[in-house]
2 protein chains.
Amino acid sequence: MNNKKRHIIEVAFSLFYQKGIHAVGINEIIKTASIAKKTLYNHFVSKDELIIATLIYRDQLELTHLKFKLEQAEIGKDALLALFELLDDFINHRDTTLGNFRGDYFNNSCAEYGQSNQLVYATCQSHKEAIKNIIQTHINAFEQNPEKNQFLVNTLCLLKEGVINQALVQGDTNSALDATACVENLLRFKR
Amino acid sequence: MNNKKRHIIEVAFSLFYQKGIHAVGINEIIKTASIAKKTLYNHFVSKDELIIATLIYRDQLELTHLKFKLEQAEIGKDALLALFELLDDFINHRDTTLGNFRGDYFNNSCAEYGQSNQLVYATCQSHKEAIKNIIQTHINAFEQNPEKNQFLVNTLCLLKEGVINQALVQGDTNSALDATACVENLLRFKR
DNA sequence: TTAACTATAGACCAACTTGTCTACTAAGGG
DNA sequence: CCCTTAGTAGACAAGTTGGTCTATAGTTAA
């Protein structure tokens with residue numbers, strides 16, 4: 001990946017994430033990135049392509065970061081708690097890798113486009129699926145009963161989604177801790 | 001409230017909700033509503049004012065509907081389960097009052113505007129607060145321990161938020177049922 | 001009847017949108 | 001040294017945006 005191209009993607013992501021995609025124009029992106037318009041259109045055929053590129057960029061960043069954090073914990077329950085620790089750090093701006101918290105970029109993008117941009121939708125969906133799979137892996141480490149296993153996966157995904165939204169809309173900076181309490185409760189007899 | 005004004009709000013809400021606020025222009029609204037542009041600007045000084053009006057409209061619609069549903073259940077645990085039943089109906093298009101499911105209008109609006117429109121943000125926040133208060137009331141009916149009480153309120157709010165987002169982004173039509181299972185689990189010993 | 005009000009249709013404006021294109025410059029390799 | 005590549009600056013086109021304004025028509029109440 002070209003340095004220039006990556007720079008454009010990073011600047012575009014940052015603006016899209018903070019202000020919303022529709023609210024940010026090409027002109028603002030090139031001005032912020034200090035590049036010529038032609039340079040942008042040399043790397044991306046359209047704004048739509050750039051949007052998808054930012055989604056893929058963020059997908060990789062978040063997954064890499066998440067995997068790194070989880071590897072530092074024991075597989076299973078501890079790793080699941082580490083996930084919510086990570087969310088807590090993200091929400092309370094203690095995590096420089098993920099940048100200033102403004103909700104989940106994928107949720108926000110879906111909210112903005114809905115069914116009217118299928119590619120955006122599909123990219124967001126696959127990101128969520130990847131995270132779900134990670135959660136699944138760690139639950140597999142201690143819960144063999146298929147029904148309970150499924151129940152835990154679904155519930156933890158719900159809580160994770162809830163945490164981010166509660167923090168964004170309600171400004172609830174404790175939401176990850178609330179979820180942690182709930183997760184500990186759910187896993188109490190499983191250690 | 002004027003009939004015409006209400007009609008404009010309903011049409012605008014419907015379009016905003018389905019396509020996103022930025023994606024819908026004034027011209028599309030007046031065309032869909034079959035009104036003249038002057039009529040719209042006779043009732044609202046700006047698009048921003050119309051946006052806020054749709055948020056207030058939806059806030060009242062959802063709260064009225066929710067209160068009506070909960071009144072048909074026993075105060076306490078049953079009412080809380082009824083809340084998630086309502087979400088399930090909403091997500092699976094079995095509830096004509098709330099219209100075609102496209103996530104939570106307030107979440108979507110916040111996702112689209114973020115901190116760049118304080119009035120939108122505040123309106124969304126107060127809507128969420130109102131729902132939280134309803135949940136609080138019903139938990140008060142059976143849980144006197146302040147800590148446990150608070151824990152239940154927070155967790156149920158998280159689950160509620162999670163359900164809507166999981167359904168929107170992941171297309172998970174069972175998310176409300178998953179949450180119901182979790183809520184039943186949490187309240188099992190409290191009946 | 002007349003006056004006041006509210007509606008309609010749509011021209012119009014200024015600003016902004018995405019995207020193209022020209023003209024020019026700097027760097028690097030054969 | 002020249003040629004290619006990748007960059008810059010920014011004018012420009014075509015369309016859309018929110019919002020204003022004029023001209024006209026229908027309704028209602030004094």
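Everything numeric here is computed off the predicted structure, so don't read it as measured data.
- Proximity note for I26(A) (side chain, C-beta onward) versus dG19(D), dT18(C), dT22(D): the nearest is dT18(C).
- In this structure, N27(A) reaches the bases: a heavy-atom distance under 4.0 Å links it to at least one base atom across the strands shown.
- Here dT6(C) presents its P atom at 16 Å from CG of L40(B), a figure rounded to the nearest Å.
- You'll find that the side chain of N42(B) is closest to dA7(C), out of dT8(C), dA7(C), dG18(D).
- Rounding to whole angstrom units, CD1 of residue I30(A) and C1' of dT17(C) are separated by 12 Å.
- Rounded to whole angstrom, the span from the CG atom of L50(A) across to the P atom of dT17(C) amounts to 15 Å.
- Contacts of H43(B) with the nucleic acid, taken as non-hydrogen atoms under 4.0 Å apart, involve only primed sugar atoms and P, OP1 or OP2.
- Contact annotation: K4(B) reaches the phosphate of dT8(C) (side-chain N/O to OP1 or OP2, under 4.0 Å).
- Residue-to-nucleotide contacts include a donor-acceptor pair under 3.5 Å from the side chain of K37(B) to the base of dG19(D).
- The side chain of K38(A) contributes no N or O atom lying less than 4.0 Å from OP1 or OP2 of dT8(D).
- Q166(A) and N174(A) share no donor-acceptor pair across their side chains, judged by distance under 3.5 Å alone.
- Residue T39(B) is the one, among I21(A) and T39(B), whose nearest nucleotide of DNA chain C lies closer to the 5' end (criterion: closest heavy atom).
- Straight-line distance from the NE2 atom of H22(B) to the P atom of dC16(C): 14 Å, rounded to whole Å.
- Remark: the H22(B) side chain and the E112(B) side chain contain an N/O donor-acceptor pair separated by less than 3.5 Å.
- Judged by distance alone, the side chain of N107(B) and the main-chain N or O of V169(A) form no donor-acceptor pair under 3.5 Å.
- Judged by distance alone, with hydrogens and angles left aside, the side-chain atoms of Y17(A) form a donor-acceptor pair with the main-chain N or O of G103(A) at under 3.5 Å.
- Regarding I35(A), its CD1 atom lies at a distance of 14 Å from the C1' atom of dG10(D), rounded to whole Å.
- Of the listed nucleotides (dG10(D), dT22(D), dG18(D)), dG18(D) has the atom at the smallest distance from the side chain of Y41(B).
- Here dT16(D) presents its P atom at 16 Å from NZ of K47(A), a figure rounded to the nearest Å.
- Atoms CZ (F44(B)) and C1' (dG18(D)) sit 15 Å apart, rounded to a whole Å.
- A donor-acceptor pair is defined here as one N or O able to donate and one able to accept, closer than 3.5 Å; no such pair exists between the side chain of R102(B) and the backbone of L168(B).
- One atom, NZ of K31(B), and another, P of dT8(C), lie 16 Å apart when rounded to the nearest Å.
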